[in-house]
Structure formats: C-alpha cells, structure tokens
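Working notes for the structure below.
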Amino acid sequence: MADKILVIGGTGNIGYPLIKYLNQQDVQIVAGTHNIQKAQAKFEGLSNVEIKHFDFLDPSTFEAAFDGVNKVFFVRPPQLAKPKQDMLPFLTFAKQKQIQQIVFVSLIGVEKNPMTPHHKIEQMILDLKIPYTFIRPSFFMQNLNTTHREDIQKNHDLFIPAGNARTSFIDTRDIGEVAGITLMNDKYLNQKLNITGPAALSYQEIAKIMTKVLGTPITYSKPSLLKFRKVMLKRGIKKDFVNVMVMLYLITQLGNAKEVTDTAAKVLGHTPRTIQNYIYDYQDYFK
Ligand SMILES: NC(=O)c1ccc[n+]([C@@H]2O[C@H](COP(=O)([O-])OP(=O)(O)OC[C@H]3O[C@@H](n4cnc5c(N)ncnc54)[C@H](OP(=O)(O)O)[C@@H]3O)[C@@H](O)[C@H]2O)c1
C-alpha cells in the first residue's frame, strides 16, 4: 500500500517544495495546515494533496490529521520556541499512532547547541523512540527574501549581524527535495543528515553577487548583535524569534556556520543550487 504522508508546514519555505516533490510520487499527501485558506490557494492545481486543519498548539486537531497516516514530516514554526510546551504533545501523539518515520528539519551543528529548540526536539524524538530522519540544514538562502527582505528592498542593504564570518547557505528547494527523497527511501531511517549548499560565503561576497545579478548596488552594513536585536524588536517581531535569530548569528560570528558538506549532493544525485542560482530565481523579491 502506498505511504500516506502528513506534511506539517507545507505552505512554508521547505514544506512547499516538498509537497511539489511528493505530488510527483506514488504516495498520498495530507497537508496539515494552520491557515486553511492560505493552503487552499497555495496547493491549487496539486491533485494529490488533501488539506486538513492542524495546529501544534491544539491537540483536538491531531486525530483527523493523522487518520491513516504512516509517515510525518514537520518543521518547527519559527515562532514556537518552547518545545516541551509546543511540540511534546504532538510528538507523544505521533508515538501513540506508531508512526513509521518522522522527518524533522533541525539545524546544522545542533549537537553542540543544547539551548536551541531543535536540539530539544531531536532529543524528545530520540527519547520517544520514533524512527526518525533529522535533516540538519545550514542557513537558508531564502532568509534573504523573507526575514531580511525589507532592508534589501528599501535600503539596498544586508542588515545582518554576521560580522565577517562565512556561511554555507542552502536553498530551501533543495532541502524540500532532500526531505522528499528521505521519505521515499528506508535507507535514510535513523540518520542525521548535515546538509549545506556548495560553498561558504561571507555577506560581503553575497552583497557583491547580489549587486551583479540584480544590477543595483547592495551593501553589507554589518550591524552588531545588539543593534540588530533592537531594530527587529522595534519592527514588532516576536521576542522569542528575535532571540533565536540573535543566538544563531552569534554562532555564525564564532565561525560555526561555514562547514560545507557533500551530503545534499549525495542524496540529490547532483550539486545543490548556488547562491547565484537563488538570487537569479528570486530577483523579483528584491525589486
Ligand atoms: N532560516 C534558516 O536559515 C534556518 C536554518 C536551519 C533551520 N531552520 C529551521 O527551519 C524551520 C523553518 O522552516 P521554514 O522556513 O520552511 O518555515 P516557514 O516557511 O516559516 O513555515 C512555517 C510553517 O509552519 C506552519 N505553522 C505555523 N504555525 C503553526 C502551528 N501552530 N501549527 C502548525 N503549523 C504551523 C506555517 O503554516 P501557515 O502558513 O498556515 O501559518 C508554515 O507552513 C525553523 O524551525 C527554523 O529554525 C532555519
């Protein structure tokens, strides 16, 4: 019988490319979605996607979303920063349902950072003994057209507190495809995959590449962590989310975001996308 896969976060950066990938495979897809209207618009035209309401914070939505499901993919929504409160009820439910594989988007270097929510979530899955695949990506290229878009669009500036450190950015379209492949192949069970893009770049280098591809000068103002935090809070971004970002950019400044691995290439069977590919494909976001 074909797998029935519950995808949580299917409207997001990774979940959407994953849904598109799975839609080409012989599987049943349940998109467990938080905002139903957004999901209906996003998945229009994808014939094999059943939309069901799902909210990590509302256990009454779990039973229907898990109906007949044997595998689960999820991301931790960035605003949910308290794993025990936000994620443990869902994970305990997945255990009760005897899920055969849970694919979780974690974070590269997570084993060295016990304070991150990702570390705590991985540990909960291990403690519950649910068969897992942990996908541990480096920083997303798509942070530029989401979190940092406003500064690029309005001020033509990368307002990012990463100092001179280098980062091995990965495109979330590749992460979605890696997730899809791991869901279709038992050999990735109980594996931790540290995936990155093909190169580690500084934000000075990214500004130069953006300038070239977009045909508009883009600067890198290199704010301090404190200044970045202040500006983000003033913009109304939730404190928990801002604090996680500050922690991750501190880790970057310490040189912990520059490791390049060939794991994504091995899983995908080809080199993952470069930052040039990404900026070209997303150029309209920055205009
Ligand atoms: N950014 C990076 O560089 C980076 C690097 C490594 C790891 N990560 C991790 O990757 C994860 C984010 O992945 P992403 O960028 O694909 O996420 P995303 O685009 O922000 O999407 C979040 C998804 O979660 C859903 N969601 C929000 N609240 C929910 C709730 N209460 N219950 C169920 N679903 C809910 C959203 O649905 P709606 O659209 O319906 O609200 C959306 O589909 C985070 O855990 C982050 O820490 C990020």
Side-chain angles (χ1 to χ4, degrees), residues 7-9 12-15 18 56-57 71-95 99 101-140 142-143 146-147 160-162 165-170 172 174-176 178-179 182-183 188-197 200 225 228-229 232 237-261 263-264 267:
V7 176
I8 301 166
N13 291 311
I14 298 168
L18 168 64
F56 285 111
L57 306 181
K71 295 182 178 177
V72 176
F73 164 91
F74 78 106
V75 298
R76 176 196 66 93
Q79 75 279 12
L80 299 189
K82 299 186 180 85
K84 202 167 169 191
Q85 203 174 304
D86 304 336
M87 296 285 159
L88 191 55
F90 149 72
L91 292 173
T92 308
F93 191 84
K95 173 69 181 177
I99 289 304
Q101 182 185 18
I102 197 155
V103 176
F104 167 54
V105 176
S106 183
L107 182 67
I108 200 163
V110 73
E111 67 283 3
K112 291 174 274 178
N113 296 299
M115 292 305 287
T116 55
H118 312 79
H119 183 102
K120 294 174 186 159
I121 293 168
E122 283 194 4
Q123 197 54 51
M124 287 174 193
I125 294 171
L126 293 173
D127 291 346
L128 286 164
K129 298 192 170 54
I130 306 172
Y132 66 87
T133 306
F134 296 151
I135 297 184
R136 294 171 166 174
S138 54
F139 275 79
F140 302 168
Q142 277 75 1
N143 293 344
T146 54
T147 314
I160 299 168
R166 286 183 297 130
T167 302
S168 54
F169 298 94
I170 185 162
T172 56
D174 289 322
I175 308 175
V178 166
T182 66
L183 282 159
Y188 296 108
L189 271 177
N190 300 327
Q191 288 211 12
K192 299 162 184 159
L193 303 173
N194 296 326
I195 59 171
T196 73
L225 288 164
F228 176 79
R229 186 172 185 276
M232 291 298 129
I237 300 174
K238 265 184 84 178
K239 198 168 151 190
D240 282 347
F241 180 43
V242 174
N243 287 344
V244 172
M245 277 199 288
V246 167
M247 178 165 56
L248 295 176
Y249 282 120
L250 172 64
I251 291 170
T252 301
Q253 286 194 11
L254 297 173
N256 290 328
K258 61 175 190 274
E259 179 193 2
V260 176
T261 72
T263 309
V267 177

Measure the spacing between [atom1] of [X] and [atom2] of [Y] and express it to the nearest 0.5 Å.
X	Y	atom1	atom2	result
N194	I108	CG	CD1	4.5 Å
T172	Q142	OG1	CD	3.0 Å
M245	L250	CE	CG	14.0 Å
T182	I135	OG1	CD1	4.0 Å
I102	F90	CD1	CZ	4.0 Å
I130	I99	CD1	CD1	8.5 Å

Is the shortest side-chain heavy-atom distance between [X] and [Y] below 4.5 Å?
X	Y	answer
L80	L57	yes
P83	L88	no
F140	I14	yes
L248	I251	yes
V244	P78	no
L18	L183	yes
H119	N113	no
Y132	N190	yes

Check against side chain to side chain contact (heavy atoms under 4.5 Å, CB included), I237 and T147 = CA-CA 10 Å; I237 300 174; T147 314; 5.7 Å; no
Could you list the residues that satisfy side chain to side chain donor-acceptor pair (under 3.5 Å) with [X], not counting sequence neighbours?
X	value
Y249	H148
R229	N243
S138	none

query = Would you call R76 and D86 a salt bridge, taking side-chain N to carboxylate O under 4.0 Å as the test?
reply =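 A salt bridge is absent here (no side-chain N lies under 4.0 Å from a carboxylate O).
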Where do [X] and [Y] come nearest, in terms of heavy atoms and distance?
X	Y	value
G9	V75	CA-CG2, 4.2 Å
I195	A264	CG2-N, 3.9 Å
A81	P117	O-CG, 4.3 Å
G197	V260	O-CG1, 3.6 Å
F73	G15	CE2-CA, 4.3 Å

request  = Could you walk me through whether K71 and V103 pass side chain to side chain contact (heavy atoms under 4.5 Å, CB included), step by step?
outcome  = CA-CA 8 Å; K71 295 182 178 177; V103 176; over 6 Å; no
key: Pairs where residues 113-140 contributes a residue and the test salt bridge (Lys or Arg N to Asp or Glu O under 4.0 Å) is met, not counting sequence neighbours   =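 Every salt bridge (Lys or Arg N to Asp or Glu O under 4.0 Å) pair that includes a residue of residues 113-140, provided the two are not neighbours, is E111-R136, E122-R136.
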remark   = Residue pairs passing the salt bridge (Lys or Arg N to Asp or Glu O under 4.0 Å) test with at least one member in residues 241-254, sequence neighbours excluded, are none
task = Look at the aromatic rings of F104 and F74 and report parallel, tilted or perpendicular, splitting at 30° and 60°.
result = parallel
key: Passing option when F134 is tested against L126, V105, V110 for side-chain contact (heavy atoms from CB on, under 4.5 Å)   =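 Considering L126, V105, V110, a side-chain contact (heavy atoms from CB on, under 4.5 Å) with F134 is found only for L126.
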message = Applying side chain to side chain donor-acceptor pair (under 3.5 Å) as the test, list every pair that has at least one member in residues 250-261; sequence neighbours left out.
response = none
